[in-house]
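Heads up: the structure comes next, in structure tokens.
Everything quoted here is computed from the prediction, not taken from an experiment. Here is how names work: the chains are called A, B, and so on, in the same order as the sequence lines, proteins then strands, and each is numbered from 1.
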There are 2 protein chains.
Amino acid sequence: MIEHDGTMTTSPTPRRAGRPPRTSRAQIVAAARKIIDTEGWEKLTLRRLAAQLGIGTTTLYHHVRDREDLLILLINDVVEQHPLSDVPTEPRDRIVAAATTMRDALAAAPWAAEVLATDGFLARVGPGAITLVETIVAAATEYGCTHEQAVRVFRSLWYFTVGEIVVRTRTARRPKDFRFAALGDLDPATHPQLVAIGDELWQRVSAGDHYEESLRAFVDGLLAQAIG
Amino acid sequence: MIEHDGTMTTSPTPRRAGRPPRTSRAQIVAAARKIIDTEGWEKLTLRRLAAQLGIGTTTLYHHVRDREDLLILLINDVVEQHPLSDVPTEPRDRIVAAATTMRDALAAAPWAAEVLATDGFLARVGPGAITLVETIVAAATEYGCTHEQAVRVFRSLWYFTVGEIVVRTRTARRPKDFRFAALGDLDPATHPQLVAIGDELWQRVSAGDHYEESLRAFVDGLLAQAIG
DNA sequence: ACCTGAACACCGTTCAAGT
DNA sequence: ACCTGAACACCGTTCAAGT
């Protein structure tokens with residue numbers, strides 16, 4: 001059956017009776033990562049993955065519930081590889097560090113945007129991600145938030161992070177000759193500021209990474225609103 | 001050919017020579033909305049849409065570039081139906097009003113989450129959405145932001161809004177018996193705050209709509225960071 | 001207990017041809 | 001200029017059967 005605890009079935013520990021498995025979840029994750037790295041994540045299908053593993057497609061269904069389960073498995077793998085290091089003592093900085101770690105892990109998984117837009121994601125996150133949630137909630141509480149306020153702080157930052165990842169992923173895939181829009185072609189009478197800004201500045205700002213700076217503004221705003 | 005200006009081909013205005021079209025973009029949008037409303041948005045495929053219109057599937061490709069183009073067409077339609085009303089005079093409130101309008105329009109389009117996670121979205125938004133962008137950027141400028149800061153303010157709020165929509169959509173589709181996670185089952189030694197919060201409070205806070213409140217905190221934080 | 005091929009029920013998109 | 005059916009090249013998932 002499916003081990004949701006991530007147990008590797010190649011473990012030498014004696015298991016339930018029956019035919020021993022030839023395929024482990026660890027092997028599946030490794031093969032999936034190989035496909036993603038060499039062919040691109042869009043090419044990751046259950047059929048290809050089975051072929052890569054040299055097994056029948058339907059065999060995969062003994063190890064993952066469905067395609068979504070596979071993607072979440074991969075996300076948890078990536079999060080596990082991005083541990084929170086150098087935890088700051090100041091609660092405010094700790095929130096920023098934990099959220100930035102979440103962002104960096106998701107940014108390293110180009111398929112995150114698709115997973116985040118599907119059902120039941122938060123229900124299946126692994127221990128690594130849960131620890132980041134605890135870190136943020138605990139820091140907010142330490143700062144003086146009630147439990148309810150702390151949960152709201154987490155959710156707000158989670159929305160911001162998910163949005164940044166979704167938009168970032170889309171932008172990265174964008175063809176080179178892409179232009180946000182012809183801002184210069186807009187009517188200056190109705191859109192004076194966008195015309196004044198122009199395509200060049202817009203694109204330059206969009207290309208920059210201002211996640212942490214905006215995150216800090218958000219944290220400050222949320223904590224000020226909660227504590228006063 | 002494809003009219004990206006949204007011109008209805010049923011218009012009585014004389015058009016380029018040739019066989020007159022039997023299908024208009026307006027008809028396509030109407031048929032798509034009917035499928036979404038009656039069968040659910042997941043059932044909206046090009047094949048079904050063509051069947052609904054009583055035309056061949058391939059005929060659709062004369063009116064929309066591809067599936068993504070269709071979805072963006074639908075988004076623009078929804079945004080057009082959610083105009084920004086009662087524009088506040090105070091810049092800060094104007095930003096909040098414009099962002100909330102964006103959110104409300106996207107929340108009314110259950111397929112928005114998928115579109116937002118695909119390529120080239122911002123490049124194809126219609127006039128209604130562009131006006132909301134101008135409103136936010138202009139208000140930030142009026143408050144004292146430079147153009148660069150104003151663009152950053154918009155992008156930050158856009159991330160937050162996209163994330164809220166993506167997470168909200170997923171949560172809405174979630175089966176009734178869903179539980180975020182068994183927070184009570186976590187080890188109190190490693191996750192004391194999450195255990196203390198518990199499933200009941202977490203779910204209650206998650207179910208609530210705190211978009212505008214958090215948005216206001218974000219706007220305050222961003223403007224304070226920019227202006228000091 | 002684990003693995004399998006065949007089959008089911010679909011997709012989006014392209015192409016050459018019709019009116 | 002507009003419309004079309006057939007075909008291409010796939011999908012995820014289920015099922016009954018094998019070892």
Kindly write out the residues that satisfy salt bridge (charged side-chain N to carboxylate O under 4.0 Å, His left out) with B:E80, not counting sequence neighbours, or none if the list is empty.
-> none
Please give, in whole Å, the distance from C:dC11 P to B:L46 CG?
-> 10 Å
Just jot down the side chain to side chain contact (heavy atoms under 4.5 Å, CB included) partners of A:R67, sequence neighbours excluded, or say none.
-> A:W41, A:L46, A:L71, A:E114
Under 4.0 Å between a side-chain N/O of A:R48 and OP1 or OP2 of D:dC11, yes or no?
-> yes
Establish, with yes or no, whether the OP1 or OP2 oxygen of D:dC3 is under 4.0 angstrom from a side-chain nitrogen or oxygen of B:H63.
-> yes
Residue from A:I75, A:I165, A:T169 passing side chain to side chain contact (heavy atoms under 4.5 Å, CB included) with A:L116 | A:I165
Distances under 3.5 Å between protein N/O atoms and the N/O atoms of nucleotides 5-7 of chain D, please, pair by pair.
| from | atom 1 | to | atom 2 | distance (Å) |
| --- | --- | --- | --- | --- |
| D:dG5 | O6 | B:T58 | OG1 | 2.7 |

Can you name the residues that form a side chain to side chain contact (heavy atoms under 4.5 Å, CB included) with A:T135, not counting sequence neighbours?
-> A:L84, A:R94, A:A98, A:T131
Assess the pair A:F218 and B:F218: is the distance between their ring centroids shorter than 6.0 Å?
-> yes
Can you list the stems that include DNA chain D, where a stem is three or more consecutive Watson-Crick or G-U pairs with distances under 3.5 Å?
-> C:4-8 with D:12-16, C:12-16 with D:4-8
Spacing of B:E42 atom CD relative to C:dG12 atom P, expressed in whole Å = 14 Å
Expressed in whole Å, how much space separates the C1' atoms belonging to D:dC11 and C:dC8?
-> 12 Å
Look at the side chain of B:H62 against the base of D:dC2 and say whether a donor-acceptor pair falls under 3.5 Å; ignore hydrogens and angles.
-> no
Length of the line joining A:L49:CG and C:dC3:P, which is rounded to integer Å = 14 Å
The side chain of B:R67 lies closest to which of these nucleotides: C:dG12, D:dC11, C:dC2?
-> C:dG12
Keeping to residues at least two apart or across chains, list the side chain to side chain donor-acceptor pair (under 3.5 Å) pairs with something in residues 98-107 of chain A.
-> A:R103-A:E164, A:R103-A:D209
What residues, two or more places apart in sequence or in another chain, satisfy side chain to side chain contact (heavy atoms under 4.5 Å, CB included) together with B:Q193?
-> A:E134, A:V137, A:A138, A:T141, A:H147
Rounded to the nearest angstrom, tell me the gap between atom CG in B:L53 and atom C1' in D:dT4.
-> 15 Å
Please give, in whole Å, the distance from C:dC11 P to B:E68 CD?
-> 19 Å
Sequence-distant partners of A:A51, side chain to side chain contact (heavy atoms under 4.5 Å, CB included), two or more places apart = none
Rounded to the nearest angstrom, tell me the gap between atom CD1 in A:I28 and atom C1' in C:dC3.
-> 12 Å
Round to a whole Å and report the spacing from CG of B:L60 to P of D:dT4.
-> 10 Å
Taking only residues two or more places apart in sequence, or in another chain, which ones meet B:R204 in a salt bridge (charged side-chain N to carboxylate O under 4.0 Å, His left out)?
-> A:E148, B:E200
Integer-rounded Å distance: D:dG12 C1' and A:L70 CG = 12 Å
